[in-house]
Every structure is written in C-alpha cells, then in structure tokens.
Amino acid sequence: MANRATVTFHTTPELKARLDVLATRTRRSMSFLTNEAVERYLAVEEDFIRDVEAGIAAADAGHFIDHAEAAAFLRSLGTDTPLPMPKPARQ
C-alpha cells in the first residue's frame with residue numbers, strides 16, 4: 001500500500017453536506033473525492049503559475065504587443081472582419 005498522509009481542514013457545514021451527497025451518489029469515499037478535488041486544484045494552480053512565470057520571462061526579454069494593436073484586435077473580434085492576432089515584437 002502506498003504511503004499516506006493525513007490533512008485536516010475546516011469547511012462550512014454546507015460544503016461538507018455537498019461532499020456527503022456527492023460521495024453517496026458516486027459511491028466514493030469522502031477521502032477519495034477530497035483527494036481528487038485537491039489534485040485538480042493543484043494542477044490548475046500550478047499551470048497558472050507556470051504560465052504567469054513564462055509571461056514574465058517573455059516580458060523581461062522584451063517581447064510585447066503594442067497596446068493599440070492589441071486593443072484594435074480585441075475590438076475586431078465578433079465582427080465580420082476580425083483582424084489577425086498580433087504577434088509580439090521585440091522592443
């Protein structure tokens with residue numbers, strides 16, 4: 001059996017009740033569902049941090065899209081003639 005660690009956290013009675021219902025309906029333990037939720041949350045947050053760090057690195061390297069060009073592109077979305085997505089230029 002794999003090593004396990006125990007984590008305890010406080011939540012609202014409403015959230016616990018929702019977890020109880022989901023555990024019953026899915027025939028899964030509350031521990032299983034909580035572990036799944038934490039794994040999904042961590043994956044999303046880790047991806048977000050990685051993307052932010054990549055954006056900061058790109059900005060530090062001087063890769064920017066001109067504000068006016070970006071604004072024009074965004075205004076064109078949903079129109080009959082959307083502009084092509086602007087490409088970052090080294091400044």
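Please read all numbers here as calculations on a predicted model, not as lab measurements.
- Considering NZ of K87 and CE of M85, their distance stands at 8.5 Å, rounded to 0.5 Å.
- Taking both residues in full, the closest heavy atoms of F73 and P84 are given as CD1-O, 3.5 Å, listed atom of the first, atom of the second, then distance.
- Rounded to the nearest 0.5 angstrom, N35 CG and R4 CZ are separated by 6.0 Å.
- With a 6.0 Å radius and a threshold of 12 heavy atoms from other residues, nucleotides or ligands, R50 has its CZ atom above the threshold.
- Atom-to-atom distance recorded for L74:CG and E69:CD is 11.0 Å, nearest 0.5 angstrom.
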Worksheet item: Stepwise, does the side-chain contact (heavy atoms from CB on, under 4.5 Å) test hold for F48 with V44?
Response: CA-CA 6 Å; F48 175 76; V44 168; 5.5 Å; no
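- Of the possible polar contacts, none joining the T34 side chain to the S31 backbone as a donor-acceptor pair under 3.5 Å is found.
- Linking ILVMFWY side-chain heavy atoms closer than 4.5 Å, directly or via other members, places V38 and Y41 in a single hydrophobic cluster.
- Separating the CD1 atom in I49 from the CD atom in E53 is a distance of 7.0 Å, to the nearest 0.5 Å.
- Atom CZ in R28 sits 13.5 Å away from atom CG in L19 (nearest 0.5 Å).
- Atoms CG and CG, on L15 and D20 in that order, are 10.0 Å from each other to the nearest 0.5 Å.
- Minimum interatomic distance between S29 and A23 (heavy atoms only, all atoms of both residues): C-CB, 4.3 Å.
- In the hydrophobic cluster analysis, where Ile, Leu, Val, Met, Phe, Trp and Tyr join through side-chain heavy atoms closer than 4.5 angstrom, V7 is grouped apart from F32.
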